[in-house]
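First the structure, in the form of structure tokens, and then the observations on it.
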Amino acid sequence: MSKKDAKSSLKIIPLGGLHEIGKNTCIFEYEDEMILLDAGLGFPTDGMHGVNIVLPDMSYVRENRHKIKGAIVTHGHEDHIGGIAYHLKQFDIPIIHGPRLAMSLLRDKLEEAGVSGRTQLNSVSPREMVRIGKSFMVEYIRNTHSIADSFSVAIHTPLGVIIHTGDFKIDYTPVDGEFYDLHRLAEHGEKGVLCLLSDSTNAEVPGHTPSEQSVYPNLDRIFAQTQGRLMVTTFASSVHRVNIILQLAQKHNRKVAVVGRSMLNVIAHARNLGYIKCPDAVFEPLRSVNRLPDEKILILTTGSQGETLAALTRISRGEHRQIKVRSGDTIVFSANPIPGNTLAVVDTIDRLMMQGANVIYGRKHGIHVSGHGAQEDHKLMLALTKPKFFVPVHGQHRMLVQHAKMAHSMGIPKENMVLIDNGDIVELTEDSIRVAGQVPSGLQLVDRAGVVHDKVLKERQQLAEDGVVTVAAAINWDLQLLAKPEIHLRGVVTAVERSLLHQLVIRTIERTLNNRAKDTAQSPKGESGEMDWTGLRLEIESGLQRLANRELQSRPLVVFLLQTPEAAPAKPSRRRRSSATSVAP
């Protein structure tokens, strides 16, 4: 092959979704063109105090924003589309292609964030192909998942076809009658698939994932046996599950009050697009639901994961204005806790039970099935697509390892697979696959006010773990204390006597002031009347931090307030009032 005919390598760079559950984000890059596949968010761990959402580090994309030709969305779950509105505040995306339901949900997010003008949304249909730039032609292949209107994609590149499964399971009796387009996968397999990137979430689970329809008879039995008021919580985005619940409400003659903004939003969009079919009469406004007999009421609510601000969590705490738990209520958790949420869910269940509710939860009741394929689903995917190269994605490390073992058992050589982490650059040619370096792949934490930087998070962690010590002191131009410093401890546990701590603080401050006074007297700059108050404050603060760590046997956050004189005695015009507050690192 001549140098002119030689093809460049394709780079595949995941920024989220590996060694974790959530914030699924992946880049495909060929020469000077780049596309994004999904851009999701994750949820904070217990140590991320005050953080609302977790995003991947997108600095590599920002630095290469001139290469971005568009984005692909596979489905409408938050861990696949939830980050897009935040990213559009940092860089433009010319066009985003995706399913109708995902685009409908995304449109609201972009308008709310004020960034709808920074991209164009294009809804796609099954088997539709869209061109993105010169290098990418993307084909949408219907799959089955826990949300309606979900797709796998076949990305046609100059090197060959890359299939990304998105989130999937193989459901042979889908609620909406939309079957996985296995025929199209098989056609690509016969023609030749260069590389398969496949969802690994349930790679450790043997067998097939049950159909969504399997929960219907179990929920039906609960509806039939419940005499009083009934509450059901599930993922708002589980459109198929919500559809089943609404069907059962009609069957058992219960009016439905929907609680939770995300649940209201998803139901509205899904009904408009025809993915949920039910009459308006089945719904009852929350404000009037208490007028009905208990046996005629169904409250459909968010909060299946114990989220702090979700409706059911607030109900369990007695903080919801319109709904209070009554003895005899039946509350159904039609969802399993995702990793990291188990404690929050258990606490919510306990609070509901302590108020007299009959809470139905757990796998034994058969009221929840996963939206992700198990081992036999994965094997069928590998058998149909027959990929030359394989990359397991979307899952924690043990899941990726197990998925790779399955692929090897299906005939894919170990040298044709790579196990990767977020930020790894997978370099793919027609004849090889390898990890060729890394890009930044950390976290971006967001609270209601904006980005939470590492220093702020560390300070919050210090506050939560060891409390805060505040010291306020006033000094004169001779660098002497004008009064005893004020000391306040918040959240600090210590056996040190308050009087002794006061003496140690005074001694630390005076030692620093005396040393600074000697240095100033010996320095020619001391004659100019200028004083480095900021440097003095930081020096005292550092000494107080060391004192606190040593004497309190912990690492509380130290806040030092320094009040300085308004003006120099000799040259008042050259003195300005200086007052400063600082937080020790």
Side-chain angles (χ1 to χ4, degrees), residues 16-17 23-28 35-41 53 55 61 68-89 91-133 136-155 164-168 174-176 178 180-181 235-240 242-243 261-277 371:
K23 66 182 180 69
N24 300 288
T25 308
C26 191
I27 300 165
F28 291 81
I35 63 173
L36 275 70
L37 188 146
D38 291 336
L41 54 77
I53 64 167
L55 299 172
V61 181
I68 301 173
K69 301 302 177 184
I72 311 163
V73 166
T74 60
H75 64 282
H77 276 149
E78 283 291 286
D79 60 333
H80 289 259
I81 67 170
I84 294 175
Y86 296 91
H87 302 328
L88 284 172
K89 295 177 181 180
F91 51 82
D92 291 343
I93 301 174
I95 189 167
I96 301 175
H97 303 278
R100 292 189 304 155
L101 179 57
M103 294 297 97
S104 184
L105 295 170
L106 184 57
R107 187 171 289 108
D108 283 356
K109 293 178 181 294
L110 301 190
E111 289 175 358
E112 185 176 343
V115 293
S116 55
R118 304 199 68 169
T119 190
Q120 176 186 344
L121 301 182
N122 177 50
S123 297
V124 298
S125 302
R127 293 203 178 189
E128 184 174 344
M129 296 187 73
V130 293
R131 175 166 290 283
I132 308 178
F136 301 99
M137 181 75 79
V138 180
E139 177 185 359
Y140 277 80
I141 301 171
R142 169 71 74 204
N143 74 15
T144 45
H145 185 39
S146 55
I147 188 172
D149 213 9
S150 180
F151 287 89
S152 301
V153 290
I155 306 172
H164 194 298
T165 66
D167 286 359
F168 82 97
V175 172
D176 57 5
E178 294 281 352
Y180 205 143
D181 193 351
F235 293 101
S237 57
S238 294
V239 173
H240 300 319
V242 171
N243 202 13
R261 181 183 176 190
S262 59
M263 186 72 76
L264 287 162
N265 190 39
V266 170
I267 289 175
H269 286 292
R271 291 185 73 204
N272 287 338
L273 294 171
Y275 296 114
I276 290 178
K277 296 180 175 67

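Each residue takes its place number in the sequence, starting with 1. In what follows, every heavy atom counts, from backbone to side chain, and hydrogens, waters and symmetry copies are set aside.
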Contacts of type ring pair (Phe, Tyr, Trp, His ring centres under 6.0 Å), residue His240, not counting sequence neighbours: none
Test item: side-chain donor near acceptor, Ser152 and Tyr180, under 3.5 Å: yes
Straight-line distance of Ser123 OG to Ile96 CD1, nearest 0.5 Å: 11.5 Å
Side chain to side chain contact (heavy atoms under 4.5 Å, CB included) assessment of Val124 paired with Val130: CA-CA 8 Å; Val124 298; Val130 293; 4.0 Å; yes
Verdict with reasoning, Asp79 to Leu41, per side chain to side chain contact (heavy atoms under 4.5 Å, CB included): CA-CA 5 Å; Asp79 60 333; Leu41 54 77; 5.7 Å; no
Point-to-point distance, once rounded to the nearest 0.5 Å, from CE of Met129 to CZ of Phe136: 13.5 Å
Parallel, tilted or perpendicular: rings of His164 and Phe28 (30°, 60°): perpendicular
Side chains of Asn243 and Tyr275, donor plus acceptor under 3.5 Å: no
Trace of the salt bridge (Lys or Arg N to Asp or Glu O under 4.0 Å) decision for Glu78 with Lys109: CA-CA 11 Å; Glu78 283 291 286; Lys109 293 178 181 294; 2.5 Å; yes
Atom of Ala236, atom of Ser262 and distance for their closest heavy-atom approach: CB-OG, 3.6 Å
Considering all heavy atoms, the nearest Asp149-Arg100 contact: OD2-N, 2.8 Å
Ring geometry between His87 and Phe91 (parallel below 30°, tilted from 30 to 60°, perpendicular above 60°): parallel
Any Leu121 side-chain heavy atom under 4.5 Å of Leu110 side chain: yes
Phe168 and its side chain to side chain contact (heavy atoms under 4.5 Å, CB included) partner, picked from Thr144, Asn143, Ile141: Asn143
Contacts of Arg127 that satisfy side-chain hydrogen bond (donor to acceptor under 3.5 Å, both in side chains) - sequence neighbours left out: Asp181
Heavy-atom donor-acceptor pair, Tyr140 side chain to His97 backbone, under 3.5 Å: yes
Intermediate values then yes/no, side chain to side chain contact (heavy atoms under 4.5 Å, CB included), Asp108 and His269: CA-CA 10 Å; Asp108 283 356; His269 286 292; 2.5 Å; yes
Verdict with supporting geometry, Arg261 and Glu112, salt bridge (Lys or Arg N to Asp or Glu O under 4.0 Å): CA-CA 14 Å; Arg261 181 183 176 190; Glu112 185 176 343; 2.7 Å; yes
Residues Asp167 and His80: side-chain donor-acceptor under 3.5 angstrom: yes
Flag for Asn24-His77: side-chain donor and acceptor within less than 3.5 Å: no
Point-to-point distance, once rounded to the nearest 0.5 Å, from CG of Leu105 to NE2 of His75: 11.0 Å
Smallest separation among heavy atoms of Ala85 and Ala113, with atom names: CB-CB, 3.9 Å
Heavy-atom closest contact (Ser150 atom, His145 atom, distance): OG-CB, 3.6 Å
Sub-4.5 Å side-chain heavy-atom contact between Ile276 and Val242: yes
Residue pair Phe151 / Pro99: nearest heavy atoms and the distance that separates them: CD1-CG, 3.4 Å
Interatomic spacing from CG in Asp176 to CD1 in Ile147 - rounded to 0.5 Å: 11.0 Å
Asp38 and Thr25 side chains, donor-acceptor separation under 3.5 Å: no
Whether Thr74 side chain and Gly166 backbone form a donor-acceptor pair below 3.5 Å: no
Minimum heavy-atom distance between Ile68 and Asp92, given as atom pair plus value: CD1-O, 4.0 Å
Side chain to side chain contact (heavy atoms under 4.5 Å, CB included) between Ile35 and Ile72, intermediate numbers included: CA-CA 7 Å; Ile35 63 173; Ile72 311 163; 3.6 Å; yes
